[in-house]
Amino acid sequence: MPENLTRKILREHLVEGELEPGEPIGLRVDQTLLQDATGTMACMQFEQVDVERVQVDRAVQYIDHNIIQLDFKNPDDHRMLQAMARKFGIDYSRPGNGICHYVHIERYAKPGGILVGADSHTTTSGALGMIAIGSGGLDVAVAMAGYPYEIAAPEVVEVRLEGSLQRPWVQAKDIILELLRQLGVSGGKNRIFEFTGAGTADLAVPERGTIANMIAELGATSAVFPPDDQTRDWLRRQQREDDFADMGPDDGASYDDRIEIDLDELGPLVAKPQSPGNVVPVEEVAGTELAQVCIGSSVNSGYADLALPGAVLADRDGQIVHPMIAATATPGSRQILTAIAESGVYRQLVEGGVRMLEPVCGPCVGMGQAPPTDGNSLRTMNRNFPGRSGTPDDSVYLCSPAVAAVSMVAGRIEDPREYGDPPDLLDEPELKPYVDDVHIFKPAGEEEAESIEIPRGPNIKTPPEHTPMEESIEARIATVQPDDISTGDLAPDGAEVMAYRSNVPAIAEFTFRHRDPEFRKRLHEWGSGFIVGGENYGQGSSREHAALAPLQLGVKAVFAKSFARIHRRNLVAQGILALTFKDASDYDRAEVGDTWTLPKVREELESGADDITVEIDGGDSFSVTHDFAPKEREILVEGGLLHWLQEHGERAR
Ligand code: MIC
């Protein structure tokens, strides 16, 4: 039977299970990706797995998130990570070398491989025909140790792109915003999107990267662009044409679902506050006054993304950023920074009034450039969850570089199609992407590695212990939350909180700080508790701190109408039950302070029961359900994946 590319790659890496959507599978992993905000916990958990050196072909540690050194905390983390990378066999991309997803497509991603990364936007590498999946740090640590990566086999959806983009005003960003408009923020759950059609052939690798990156906003597992001439050309420019592999879907390949987008019909789109799924045509928000415009992040930081705003600013004499706007631009990597410096784009942006930022995540994760009170911010980034920018009541709009370019001059959101003839872009220097890995430090050899001591600063604390589950669990409901809670609500973004990514007791004190400031106080008083949530609980980032912090505070179970994929798995990996209401109206029974009991939860998990009984204080009872794979039930009974590995590790290899 003709196969799609996704299935071929999965089949080649399959070491456990059946490739049937929803079935638990284990995959051999080729590469892993860590960044500094998730990497410290992942590496400290790797230490507890009891394997000396990483076992995958390539593991990379990037420093790009925690780049504001307010005091000793982040530098201590970075020093520890650099030593760990040398010792454990991990490439270390130093701060300033670039945003992990950009550097990964430049230097490492390979068609046909499997990449697992502790960052939800790891999916970016799908631009080169990899299956690239975002995960919690512990799952990545376990993959680094050579264990198969466990996941539910995804459905494969064909996205057929017909026609071609009306560049420069309609851009790749509009394709992914259109998918978000059609499917919403949970419409991609347990699905991999494979892109085909004439419109795909026309997209350059960084444009594909924008789409693959933001597939995470659909809650999807991954996105794949079958390798073609664009891929080959990209790899040639990166001086690694040998990494090209000629592969693709068979003619007439079958898919679990199909979507078609006609690019000739597509216009510029904008995601309104405060969800990337809140997408409307630009006309609907045109005229919205702005206080800030930020270009770049792990999407839209490529050469072309910066050259268009540069050209708009240079187009007419005296045209500069509007006086009421603070504008920033971020190149995605050192290569891109060098290219815009050499071509003159850097100068166009600076002379036009844009503040140039270093190649790091920056404003996208609230690391500086928080918008002013009641000021609208227009960003070419991937997420606009409440408070993510650093300003609690923020109002962030997401758009393409084309919309950002014309709007930063106008001082309000504008439809770029009204600009008239497009300006001439300065050409990307052909022979010189700055291909040089001098800022990527190679690991030590095995012998030297043994003698490397890991320096740890006072803010660095070992991850919480996993303890086996009791026969029954009784606890009070510590908070009841609505639909679409993001992991940023649980473990907030921004320089202040992210400085505690290596210190779970400290970061736990920020859990739900905006949504329910009394939450932590209740748990401190009671010693344990439950969380109740709505649909798509835990959407967004892969940060496992959103599970580690509740674990630290004594949360035993989360009951929700549905869960986002990565967070659900992070809860299980840390030994917290992720239970789903069978009847969504049972959500309404939950009141803060009520006691719920799971009288025979351990027995129910061990026996493989689909339902878990819940008794409400005062006598009434109901059932909740779950989608735990058989091994996940064992993990929960053991109190978490680390403890499971300590007990059963040999079996899993
Ligand atoms: C994000 O874009 O939300 C982040 C920051 O990159 C996160 C990772 C993190 O929380 O450190 C992600 O997407 O996983």
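Indexing begins at 1, ligand by ligand and atom by atom, following the structure's order. Small disclaimer: the values here were computed from a predicted structure and weren't measured. Computed over heavy atoms, backbone and side chain alike; hydrogens, waters and symmetry mates excluded.
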Can you list every salt bridge (charged side-chain N to carboxylate O under 4.0 Å, His left out) pair that touches residues 378-404, not counting sequence neighbours? E217-R383, R388-D493
Per side chain to side chain contact (heavy atoms under 4.5 Å, CB included), T32 is matched among I90, T122, V56 by V56
Using a 4.0 angstrom limit on heavy atoms, which residues are close to ligand 1? Q35, A37, T38, H65, D119, S120, H121, V365, R383, R388, R501, S541, S542, R543
With distance as the sole criterion, is a donor-acceptor pair present between the side chains of H567 and Q539 under 3.5 Å? no
Just distance, no hydrogens or angles: give the donor-acceptor pairs under 3.5 Å from side chains in residues 135-145, sequence neighbours left out.
residue, atom, partner, partner atom, Å
S135, OG, Y149, OH, 2.6
D139, OD1, R569, NE, 3.3
D139, OD1, R569, NH2, 3.0
D139, OD2, R569, NE, 3.0

I'd like to know if the side chain of S93 and the backbone of Y62 have a donor-acceptor N/O pair within less than 3.5 Å. no
Who pairs with D30 by salt bridge (charged side-chain N to carboxylate O under 4.0 Å, His left out), at least two apart in sequence or on another chain? R28
